[in-house]
Amino acid sequence: IELFGLFAKSFWGATAARRFLAPSPPMSPDDIRGPCPGLNTLASHGYLPRNGVATPTQIINAVQEGFNMDSSTARFVTYAAHLVDGNLVTDLLSIGGKTRKTGPDPPAPASVAGLNTHAVFEGDSSMTRADFFFGDNHSLNETLFKQFKDFSNRFGGGFYNLTVAQELRHQRIQESIATNPTFDFTSPRFFTAFAESSFPIEFFVDGRNPVRALSMDNATLFFRDSKFPVDFFRAAEPTGGTLALEIFNAHPIAAGKNVNGINTFTPDPTSADFSSFCLLYTNFVTKTIGGLYPNPTGVLRRNLIINLGFLYDAIDGVGCTELFPYGKL
Ligand code: HEM
Ligand code: MG
């Protein structure tokens with residue numbers, strides 16, 4: 001069974017994406033897209049509902065089928081996003097802006113406003129999207145995408161590779177420090193920024209290509225058009241964020257924020273960083289989710305407990321202490 005598993009992984013791993021790949025029809029004006037080029041592409045090709053509103057299970061299945069994201073990463077990221085941006089009663093999450101399609105809202109301060117929501121998951125110094133301070137934090141920004149291509153030319157010979165990821169991540173952080181008075185680079189953004197810089201290498205490069213470098217033509221399809229290249233093969237084995245630490249190590253920086261306008265970046269020792277992964281989980285549950293749901297009751301409380309359980313399941317084995325802020329079922 002083990003052997004067959006290995007065989008199946010290497011064989012089907014490189015072909016499954018093609019088996020399910022559907023052509024991408026023109027978008028309807030009602031279709032929602034957002035800050036994540038991966039999920040946008042999956043929605044455009046029907047791995048996710050094309051309207052951009054999905055359940056956590058649909059998202060987990062889609063990122064595995066379409067990109068071969070590993071199960072733990074897929075589950076952790078998806079339930080983290082769902083807990084802060086999704087509707088926990090209807091079990092629906094918008095991959096972009098707020099919509100009535102996720103159903104009736106729970107009481108404030110919960111917002112259920114989709115992945116575009118700033119600061120709970122989406123954050124500053126994205127590669128191809130502007131900081132929330134400047135307005136649109138979710139559409140492709142042509143100036144930033146030009147910089148993405150310039151860096152790929154200068155550091156990657158025309159391709160986005162690990163060196164480009166390292167240099168561009170550093171550049172975007174320095175730009176935000178120097179231009180965004182509200183720049184916040186604390187957890188969870190601290191982690192997602194480095195992980196997402198690795199995703200184009202891990203997921204957008206064709207699985208048959210041993211050289212992990214993304215062409216600008218294909219980068220344009222994913223980042224701008226939300227489309228798979230023709231004849232695309234997903235990653236050959238499950239992966240997710242494994243290059244994040246290497247990207248961080250090229251230009252290490254403490255988690256922190258601009259505390260008093262531009263160029264006042266100050267480390268925040270209460271934030272998690274790569275030396276304190278469990279603090280990411282702890283702060284996210286107690287501060288971020290706790291801030292949105294101070295006093296839930298009924299089905300909402302029950303579903304918070306259930307979804308917090310799924311979030312912890314994804315990192316079971318890392319050795320963090322499981323938290324039960326809303327009790328147990
Ligand atoms: C960015 C959500 C999976 C590629 C983002 C952002 C969110 C998000 C909210 C915006 C963060 C920011 O830049 O401020 C999710 C969720 C996923 C998921 C909930 C569920 C597993 C994926 C996958 C890929 C991907 C599978 C690649 C195939 C990216 C990239 C960015 C990004 C490259 C950075 C965009 C940029 O910096 O310009 N994602 N994502 N994501 N995501 Fe995803
Ligand atoms: Mg952002």
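First listed ligand is number 1; within each ligand, the first listed atom is number 1. Any value given below was found using the heavy atoms of this structure, including those in side chains, with hydrogens, waters and symmetry copies removed.
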Could you list which atoms of ligand 1 come closer than 4.0 Å to a heavy atom of [X]?
X      : value
Ala81  : 19 (C)
Val63  : 21 (C), 26 (C)
Arg129 : 38 (O)
Thr78  : 20 (C), 21 (C)
Phe67  : 28 (C)
Phe203 : 27 (C), 28 (C)
Pro35  : 1 (C), 10 (C)

Side-chain donor-acceptor pair present, [X], [Y], cut-off under 3.5 Å:
X      : Y      : answer
Arg75  : Ser71  : yes
Glu175 : Gln171 : yes
His251 : Gln174 : no
Asp131 : Asn180 : yes
Asp217 : Thr220 : no

Of Tyr312, Phe76, Phe191, the one forming a ring-ring contact (aromatic ring centres under 6.0 Å, His included) with Tyr281 is Tyr312

- prompt: Would you call Glu196 and Arg169 a salt bridge, taking side-chain N to carboxylate O under 4.0 Å as the test?
  reply: no

Contact with ligand 1 for [X], non-hydrogen, under 4.0 angstrom:
X      : value
Thr192 : no
Arg189 : yes
Phe204 : yes

Restricting Glu122 to its N/O/S atoms, the closest one to the Mg ion (ligand 2) is OE2

Considering heavy atoms of the protein only, find what lies nearest to [atom] and give residue, atom and distance to 0.1 Å.
atom                    : value
atom 42 (N) of ligand 1 : Cys36 SG, 3.2 Å
atom 4 (C) of ligand 1  : Phe199 CD1, 3.4 Å
atom 6 (C) of ligand 1  : Glu196 OE2, 3.7 Å
atom 23 (C) of ligand 1 : Met69 CE, 4.0 Å
atom 35 (C) of ligand 1 : Pro37 CD, 3.9 Å
atom 36 (C) of ligand 1 : Met127 N, 3.4 Å
atom 9 (C) of ligand 1  : Phe121 CD2, 3.3 Å

Looking only at heavy atoms, is any part of [X] under 4.0 Å from ligand 1, and if so is it the side chain, the backbone, or both, or is it neither?
X      : value
Thr73  : neither
Ser126 : both
Glu122 : both
Thr128 : both

Open item on the list: Quick one, Arg33 with Asp225, criterion salt bridge (Lys or Arg N to Asp or Glu O under 4.0 Å). Give me CA distance, side-chain angles, the key distance, then yes/no.
Closed with: CA-CA 11 Å; Arg33 299 293 179 267; Asp225 304 336; over 6 Å; no

| said: salt bridge (Lys or Arg N to Asp or Glu O under 4.0 Å), that's the test. Do Asp150 and Arg154 meet it? Break it down for me. | reply: CA-CA 6 Å; Asp150 287 346; Arg154 277 168 62 194; over 6 Å; no

Q: For Lys149, look at atom NZ and say whether over 12 heavy atoms of other residues, nucleotides or ligands are found less than 6.0 Å away.
A: yes

### Message
Is there a path of hydrophobic side-chain contacts, each under 4.5 Å between heavy atoms, that joins Phe121 and Leu308?
### Response
yes

Is Leu279 reachable from Ile253 through a run of I, L, V, M, F, W or Y residues, each pair having side-chain heavy atoms under 4.5 Å apart?
-> no

Report task. Please assess Lys98 against Asp105 for the test salt bridge (Lys or Arg N to Asp or Glu O under 4.0 Å), listing each intermediate value before the final yes or no. Result -> CA-CA 11 Å; Lys98 188 166 179 65; Asp105 281 341; 2.8 Å; yes

**Request:** If the plane angle is over 60° it's perpendicular, under 30° parallel, otherwise tilted; pick one for Phe155 and Phe151.
**Result:** tilted

- [ ] Specify whether Phe228 and His45 have parallel, tilted or perpendicular ring planes, treating 30° as the upper limit for parallel and 60° as the lower limit for perpendicular.
- [x] perpendicular

- Query: Do any of the N, O or S atoms of Gly123 sit under 2.8 Å from the Mg ion (ligand 2)?
  - Reply: yes

_Between Asn137 and the Mg ion (ligand 2), is there a contact where an N/O/S atom of the residue lies under 2.8 Å from the metal?_
no

Original post:
Any N or O on Gly123 sitting closer than 3.5 Å to an N or O of ligand 1?
Top reply: yes

